[in-house]
**Student:** 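Sharing a structure below in structure tokens format, with a few things to ask.
Here is how names work: the chains are called A, B, and so on, in the same order as the sequence lines, proteins then strands, and each is numbered from 1.
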Protein chains: 2
Amino acid sequence: MNAKTIKDVAKAANVSYSTVSRAVNNRPGVKEATRRRVLEIAAALEYRPHGPARSLVNRKTHTIGLIIPDITNPFFPELAREIEERAQASEYSLMLCNTGWDEAKERSFIALLTERRVDGIIIAPSAHSAEQLDRVLARINLPVVYVSHAPRGTRRPYVVMDDELGGSLAAEHLLAQGVRSIGFIGATDESVSIEGRLTGFRQACNRRRFPAECRVVVLEKLRGISGYEVVQRLLDEGRCPEALFCENDILALGVIEGARERGMRVPDDLLVIGFDDIPFARFQSFSLSTVAQPKREMGRLAFDLLLAEMEPPTEADGPEPARNGSDQPAAAAPAGRAQGAREGARSAAARHPHAEHQIVLKPQLVTRRTSVKIETTDARRVNRARTE
Amino acid sequence: MNAKTIKDVAKAANVSYSTVSRAVNNRPGVKEATRRRVLEIAAALEYRPHGPARSLVNRKTHTIGLIIPDITNPFFPELAREIEERAQASEYSLMLCNTGWDEAKERSFIALLTERRVDGIIIAPSAHSAEQLDRVLARINLPVVYVSHAPRGTRRPYVVMDDELGGSLAAEHLLAQGVRSIGFIGATDESVSIEGRLTGFRQACNRRRFPAECRVVVLEKLRGISGYEVVQRLLDEGRCPEALFCENDILALGVIEGARERGMRVPDDLLVIGFDDIPFARFQSFSLSTVAQPKREMGRLAFDLLLAEMEPPTEADGPEPARNGSDQPAAAAPAGRAQGAREGARSAAARHPHAEHQIVLKPQLVTRRTSVKIETTDARRVNRARTE
DNA sequence: ATGAAAGCGCTAACAA
DNA sequence: TTGTTAGCGCTTTCAT
């Protein structure tokens, strides 16, 4: 009684079912009158094409997988929403995979998505063993784009931030407040991004010739441990520095929380700066200084890169009539909307190493209250000057 | 060169492909030795069953759709994570659909998911015209569970909160602080839940014989307008009450923000209470009083309900050996973890009206700082006594 | 225990 | 313009 098929429609319309198929898919070669009649009948019967059957013959599911570590960290919903929106605009659905920072889950999701025959995957890897991930992915022959962070040295496309620069900006800023000790909090074993942030932090310290003994670096596995606990432990151990750079905003908020719990005032007794610029950071109540990531842009670019892989632009797409040089990058203006991304007709694999597919976004320091020693009106300067 | 099929495996293993199918699916009727050999070869070839093809014959995609209004409101990621986790445990994938409170999008997602032949849908409807939604859904013959809010009078299963009680609790609490004017902020046209919260608010006011002229109710379409703006407008118009009940936490945080912008102190000059208890509410920096929703439980129950619809418990599931009466509910314990809600073996459609499928969770008042007039130690009493 | 064959709903040659 | 037919990769009778 349920689920009409193309045959039901064909029977009702007194045509062959290939005609129905043509009509439904807006293919040429059907008399306009016939098409209308078929479509009418299809509607009346509430006919719905059978996606999986289509996928079987088209070898295309119009679905992409999105693998992220933690949807409850506000950074990722921002990313996810943008990607979802873009995907929808290009007729793709999104399969959401939340790993909870579990590498095993991550791999099993990849396997799952492969079986489901998604057309591509966008992944914000949670694993440190990223090179290994890259190898896992290499064996499935699927367009993949890294977002947020990428395995070092991967040849795949990605959209990430300049984490070193970001870390550097944060540290510079804290040091500029004249603190005599400084700390970094983050689980560097979790991702290369975090490592990068630490590297930037160290570089800045070195540049300023900031003595190593005045630096505290907390690297422990933070999974399940919050900034709230970390700062309290530092306090307990009597080695809490005057300023803390936290690898992400949630961590930073936890730190502030924990510090206040112990009667410390932020920024008076402790300077704090985070990373990401989640929407909550800007609230006056927190007014958290942070290094902003352009999440929307990141999401948008990630999807565009994936789309370019999934639907390789044909020669016809570009207006330029001839190739200019055989091995020249050929001025690839990255993806207009869906179409646009012009490039050579080389195989997807061969394209990867090109710079246009490995995008590094610039971070932006956002100075709010938690990181500024003396409260001046100037402190809020950057507060509203946000990009997004 | 890619994507091995069952035939490749069959050829390599020198068996018919039906044997491979049996082996891969752990079906009986294959010699153990054969099975092992086949499995080995399959692994060596990196054979991956083709999901869509399977779906075509099995008439099951092992995918569910999750339709929510706004993934960037922290309430929904909490819900989504729980659902995703449960789904994963039961071998279901999640298709994420973010409507942005757009009813048209909502409907088109439903159509899309239907075409994709998902096995079921969990939807947190954004539409006010919920009855209409119910009718839309009625025409697709698919298990659907409402979560967070449900159309009034629907016969479908749902998991919601007792919004009236929640609204009532919030209002009672504010009134108990001895305020002389009080306000409600929320777009009641957005969902029945919000209406319910307003109703509860009004009931509480009436119960206390609180004069109507001392109540302010802001009902405008809030889409795109934040609490930040609303409170400032109230201030401008000189009709800002002493206490504000905001229909959700994000709204409440915006209100606090806006009030502070105007130099008001919360709670000294303005009491504020929210709804949802998003993770950020508990942060000392906000310390937002709110009415807590049990998001995890909501998500869990919603999935369990859906699962029960998708995989109707068979007679065999229950331990009771015989039917007691022909038309009696016949206490069949539904699917494993989804225990509890027992029901008869009638068709899914016939089951809906049963109370066990329409779950109303109790809200819990969480009193933090933003709603308490005089700062006593007592004020933080409930602060940590949270369920989740 | 294994194989042969039909068919899930659809698209795309190829014929007519 | 329309119909016929052959698969897409898989599961499942039904034979063997």
**Student:** Give the nucleotide from the list C:dC10, D:dC10, D:dT2 with an atom nearest to the side chain of B:H50.
**Tutor:**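 Closest nucleotide to the B:H50 side chain: D:dC10.
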**Student:** When the distance from CG of A:L45 to P of C:dG9 is rounded to whole Å, what number comes out?
**Tutor:**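 These atoms are roughly 14 Å apart.
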**Student:** Do we see a donor-acceptor contact under 3.5 Å between the side chains of A:S21 and A:S18?
**Tutor:**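 The criterion, which ignores hydrogens and geometry beyond distance, is not satisfied for A:S18 and A:S21.
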**Student:** Can you say whether a donor on the side chain of A:S21 sits under 3.5 Å from an acceptor on the base of C:dA12, or the other way round?
**Tutor:**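 Such a pair does not exist between side chain and base.
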**Student:** Is the side chain of B:H50 donor-acceptor paired with the backbone N or O of B:T5 at a distance under 3.5 Å, no angle test?
**Tutor:**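 No; zero donor-acceptor contacts below 3.5 Å.
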**Student:** Measure CZ/A:R37 against P/D:dT1 and give the value in whole Å, please.
**Tutor:**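 My rounded result for the distance is 15 Å.
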**Student:** Mind calculating the distance between CZ (A:R116) and P (D:dG9) to the nearest angstrom?
**Tutor:**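 Taking atom P of D:dG9 as the reference, CZ of A:R116 is at 18 Å.
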**Student:** Counting just side-chain N and O atoms, does B:R27 come under 4.0 Å of either OP1 or OP2 of D:dT12?
**Tutor:**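 B:R27 to D:dT12 OP1/OP2: side-chain N or O found under 4.0 Å.
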**Student:** Of the candidate nucleotides D:dT12, D:dT1, C:dC10, which contains the atom at the shortest distance from the side chain of B:S18?
**Tutor:**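 Nearest to the side-chain atoms of B:S18, counting from C-beta on, is D:dT12.
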**Student:** Between the protein and nucleotides 14-16 of chain C, are there any N/O to N/O pairs under 3.5 Å, and if so, what are the atom names and distances?
**Tutor:**
none

**Student:** Take atom CZ of A:R59 and atom C1' of D:dC10, then tell me their distance rounded to the nearest Å.
**Tutor:**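 It is 13 Å, rounded to the nearest whole Å.
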**Student:** Rounding to a whole Å, what distance do you find between B:N58:CG and C:dG9:C1'?
**Tutor:**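 Checked: the CG to C1' distance equals 14 Å.
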**Student:** Cut-off 3.5 Å, side chains only: do B:R116 and A:S93 have a donor facing an acceptor?
**Tutor:**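 B:R116 vs A:S93: donor-acceptor pair found between side chains.
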**Student:** Between C1' on D:dC8 and CG on A:L56, what's the gap in Å once rounded to a whole number?
**Tutor:**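 Checked: the CG to C1' distance equals 4 Å.
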**Student:** Looking only at the side chain of B:V57 (C-beta and beyond, no hydrogens), which of the listed nucleotides C:dC8, D:dC8, C:dT2 gets closest?
**Tutor:**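 The nucleotide sitting nearest to the side chain is C:dC8.
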**Student:** Map B:S16 and B:R117 onto DNA chain C by nearest heavy atom, then report which one ends up closer to the 5' terminus.
**Tutor:**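 Counting from the 5' end, the first nearest nucleotide belongs to B:S16.
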**Student:** Both conditions, 6.0 Å and 45 degrees, for the charged tip of B:K7 above the ring of B:Y17: are they met here?
**Tutor:**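 Ring-cation test returns yes.
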**Student:** Using the ring of each side chain (for Trp, its six-membered ring), is B:F303 parallel, tilted or perpendicular to B:Y92, with breaks at 30° and 60°?
**Tutor:**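 Ring orientation, 0 to 90° scale: perpendicular.
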**Student:** Between A:R48 and B:E115, does at least one N-O distance fall below 4.0 Å, as a salt bridge requires?
**Tutor:**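 Result for this pair is yes, salt bridge flagged.
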**Student:** The side chain of A:P49 lies closest to which of these nucleotides: C:dC10, D:dT2, D:dG9?
**Tutor:**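 Of C:dC10, D:dT2, D:dG9, C:dC10 is nearest to the side chain of A:P49.
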